[in-house]
Structure formats: C-alpha cells, structure tokens
Amino acid sequence: MLHSVPAHKSVISGFGWSNGQISLLESRSTKFQTSFPIRCCITSFRWSGRGGFKRHVVVQGAHPNSDQEEEDQEEFRVMTATRSQYNDIVIVDTARSRFLLLDSTHNVHSMVNKGEDKWSGSYWDEFASLPAIVPEGPIAIFGLGGGTAAHLMLQLWPWLQIEGWEIDEVLIDKAREYMGLSDLEKPNRAGGMLSVHIGDVLSAVVKDDGGYYSGIAVDLFAGGRVLPQLQEVETWVEFKERLMPSGRIMVNCGGIDDTDPTGITRKWELNSTIKAMLSAFPGELSWRRTAQAEGENYLALTGPSPDLDLWSAKVPGRLSKNVREWRPCI
C-alpha cells in the first residue's frame, strides 16, 4: 500500500505538468537527509531503448514561463529527494503511479501503480514471464530498484520466493517508505514474499551447493547505461554458477551499443551484452526486442529455446503474445 508523506518531509516544491512534461523546480533541506537543487522533467509516456529507461526524464535549466505552460500545469508531488553514496534519488507521486528517478541522469528506474494494476507497460513486465519456464525455487532480481518487477511477479505468481539484490541501502529505505516495497517483504496469503539483500551482487559469494536460484532477472544500470561488467563474459559465467539445474536468466540488455552496422547481419549483434552472454551460453541464448512504445529494449534469455506455445499458454494474456517473439541467437 502506498502512503502519502507528511508535508514537512517534502524537499522539492513547484512540481507541475506542462506541455507533456513533469517539472521539478525547487528544493529545501530536511534534518536527516542531504537535499539538493534539482530541475528535471518527464515527458509523457515515451520510452527509450538506450539504457532501458524512459527517454522522458531530462534535466531542465529553467522554470516554465509561457502563459500556455501556466494554463496547462497540473499539480503533482515530490515525495522525497536525497543523495546516497551511489545515487541522486527522487520519488515522484502522480495521481496513478509513483516513479523512482536515479543518478545524475534522473532517468526513471522504477514505477509502481497505485491500486491493483501493477503492469508497467515496459520491459519490467517481461520479467514476470520468467517463473513460467523455470523449475520450482527462489527467483532473484539483480538490480531491485524500487521493486517494479517484484510487485508484478508477486501479483501474478503469489507463491514466489523472490530475493532482490540492490547495492544502495538508502534507495531501499526510500522504496520501502514510498513505493510499497515493505508490503512485499511480508508473507502474503499464498506464502510468497520478497527478501531484500543489500550489497554488490557482482561480488556476492556463490552458494556452496553450486546453484541456488531457479531464475534470475538482471536489470543492472548506472548513469543511464548497462553496467560495463555485463559486457564481460566472466560475469555471465559467474551468474551461471548461481543457477540450479535447468534454471534460466532473463536480462534487460538496454538498447543499441554498436552504432556502426558494418559487417553485422543479425540484429542482436548490435547489443554488446547479448554478444558477451552468447560466449557464456553457447547455443543456449534467445533474444527479443520490445516494441517501440515499450522502449525498444533488447532482452536476453538463457537456456534451451523454450516451447513458445507452451510458454504462451502459461502466462497472462498481456504476456502471451510477447513471449512468442523470442528467437534463438543464431
């Protein structure tokens, strides 16, 4: 359940809608957090495959000043703004959703809808198809953020045991307070829940039994780009060791990395993360790209090519069409 914040905790004022953009204007300090001046906007419902984020978050340098902008403004709220060791963190509240903006780019890293509908309309939804094609067992999210994927997974598969990894403890504290993350950490009626691990998943110790997770959803970004370690084969070899037999990894690989198509005949080769993964999972890697309205993100899936008809029949209608678009990397 998402709660409103008392007025004294607000750190940014002057937040409004203008010409299809959400603008954040002024800041003031609070007792327990470092606040900072920030001015950014979110253009309405446009997505960018580059880095896997909404293109509609950009830094602004001036207050809206035209008469038309003043007429079009609609009030929104900034719930919190602070700076951690890893991120500039802003959580924005609208009538329907809350958005988590991170780092100096102020890109949207997470969103949570209010009410029962947890569909995001972006790549986060695709992670919710993973439980249908993996063995029974815990599922990990590497790069939990504000918990967008976890919210939808537990709505669709309420018995899941999810382990979310996030390096930024301040971010997790804010997501618990403002994005309903704490609700997921309590067992639901089916026994499912989210367990949060604070730490660097790239340096986490592999389980002694040689494999622990039935599935891993990877969504690791910084500064608006995929972490460079995800373009190294060694990273995927290590992640592979964290899977139980027949387990799979699904990855948000961001957008196009190689802008020079010379010599490239297969579209997935434009993404460096997929190329690195193929070396770690030879002959056992599939890919697809989300629609333009959903960001045009490249996604990757490890393991033998799944039976798309069977997979489609196991997932809700919104995902059944999408899972049919997976193709082997050949």
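Position 1 is the first residue of the sequence; numbering continues from there. Computed from a predicted model, the values in this text were never measured in an experiment.
Glu126 CD to Ser120 OG: the interatomic distance, rounded to the nearest 0.5 Å, is 8.5 Å. Interatomic distance, Leu181 CG to Arg176 CZ, rounded to the nearest 0.5 Å: 6.5 Å. Rounded to the nearest 0.5 angstrom, Asn271 CG and Cys329 SG are separated by 9.5 Å. To the nearest 0.5 Å, atoms CG (Leu301) and CD1 (Ile249) are separated by 9.5 Å. The line from CG of Leu102 to OG of Ser84 is 8.0 Å long, rounded to the nearest 0.5 Å. Residue Leu220 holds its CG atom at 5.0 Å from CG of Leu227, rounded to the nearest 0.5 Å.
No continuous path of hydrophobic side-chain contacts links Ile167 to Val226 [ILVMFWY only; heavy atoms under 4.5 Å]. In the hydrophobic clustering of this structure, Val315 groups with Met250; members are Ile, Leu, Val, Met, Phe, Trp, Tyr whose side-chain heavy atoms approach within less than 4.5 Å, directly or through other members. A continuous path of ILVMFWY side-chain contacts below 4.5 Å connects Leu156 to Trp159, so both sit in one hydrophobic cluster.
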Begin from the C-alpha positions of Asn322 and Arg288 and carry the test side chain to side chain contact (heavy atoms under 4.5 Å, CB included) through to its verdict.
-> CA-CA 9 Å; Asn322 291 355; Arg288 66 176 293 261; 4.0 Å; yes
Would Thr302 and Glu284 count as a side chain to side chain contact (heavy atoms under 4.5 Å, CB included) if you check the C-alpha gap in whole Å, the side-chain angles of each, and the deciding distance to 0.1 Å?
-> CA-CA 6 Å; Thr302 69; Glu284 292 196 340; over 6 Å; no
Would you check, one step at a time, whether the test side chain to side chain contact (heavy atoms under 4.5 Å, CB included) holds for Leu202 with Phe239?
-> CA-CA 9 Å; Leu202 295 172; Phe239 283 3; 3.6 Å; yes
Start with the C-alpha gap between Leu278 and Trp236, add the side-chain angles, then the distance that decides, and say whether side chain to side chain contact (heavy atoms under 4.5 Å, CB included) holds.
-> CA-CA 9 Å; Leu278 188 59; Trp236 298 107; over 6 Å; no
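Here the side chains of Leu152 and Trp124 are not in contact, with every heavy-atom distance at 4.5 Å or above. Under the 4.5 Å side-chain criterion, counting only non-hydrogen atoms from C-beta, Tyr178 is not in contact with Val92. For the pair Met193 and Asn188, the minimum side-chain heavy-atom distance is 4.5 Å or more. Side-chain contact between Leu100 and Met179 is present, with at least one heavy-atom pair separated by less than 4.5 Å. Two residues are said to be in side-chain contact when any heavy atoms from C-beta on lie closer than 4.5 Å; Ile216 and Arg242 meet this criterion. Lys114 places none of its side-chain heavy atoms less than 4.5 Å from the side chain of Arg96. Within the 4.5 Å cutoff, no side-chain heavy atoms of Val323 are placed close to those of Leu308. Tyr86 is not listed as a side-chain neighbour of Val170, based on a closest heavy-atom distance of 4.5 Å or more.
Among all heavy-atom pairs drawn from Arg248 and Leu243, the shortest one is O-CD2, 3.6 Å. A pairwise comparison of heavy atoms in Thr290 and Asn297 identifies OG1-N, 2.8 Å as the closest pair. In terms of heavy-atom proximity, Gly191 sits nearest to Gln161 at O-NE2, 2.7 Å. The shortest heavy-atom contact between Ser97 and Asn113 is OG-OD1, 2.6 Å. For the residue pair Gly199 and Trp165, the shortest heavy atom distance occurs at O-CE3, 4.3 Å. Residues Val78 and Val90 share a closest heavy-atom pair of CG1-CG1, 4.0 Å.
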Validation: residues 134-149 side-chain donor-acceptor distances under 3.5 Å, sequence neighbours left out:
{"from": "Thr148", "atom 1": "OG1", "to": "Met111", "atom 2": "N", "distance (Å)": "2.8"}
{"from": "Thr148", "atom 1": "OG1", "to": "Met111", "atom 2": "O", "distance (Å)": "2.8"}

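Using a 3.5 Å distance cut-off with no hydrogens or angles, the side chains of Tyr123 and Asp219 do pair a donor with an acceptor.
Looking only at distances, a side-chain donor or acceptor of Trp311 sits under 3.5 Å from a matching main-chain atom of Ser129. The closest donor-acceptor contact from the side chain of Trp326 to the backbone of Leu299 lies at 3.5 Å or more, if one exists at all. Between the side chain of Ser320 and the backbone N or O of Ser312, no donor-acceptor pair lies under 3.5 Å. Remark: the backbone N or O of Glu296 is paired with a side-chain donor or acceptor of Arg289 at under 3.5 angstrom.
For Asp309 and Arg324, the salt-bridge test passes: some basic side-chain N is under 4.0 Å from an acidic carboxylate O. A salt bridge does not link Asp168 to Lys174: none of the charged nitrogens lies less than 4.0 Å from a carboxylate oxygen.
In the displayed structure, Glu325 atom CD is contacted under 6.0 Å by more than 12 heavy atoms of other residues, nucleotides or ligands.
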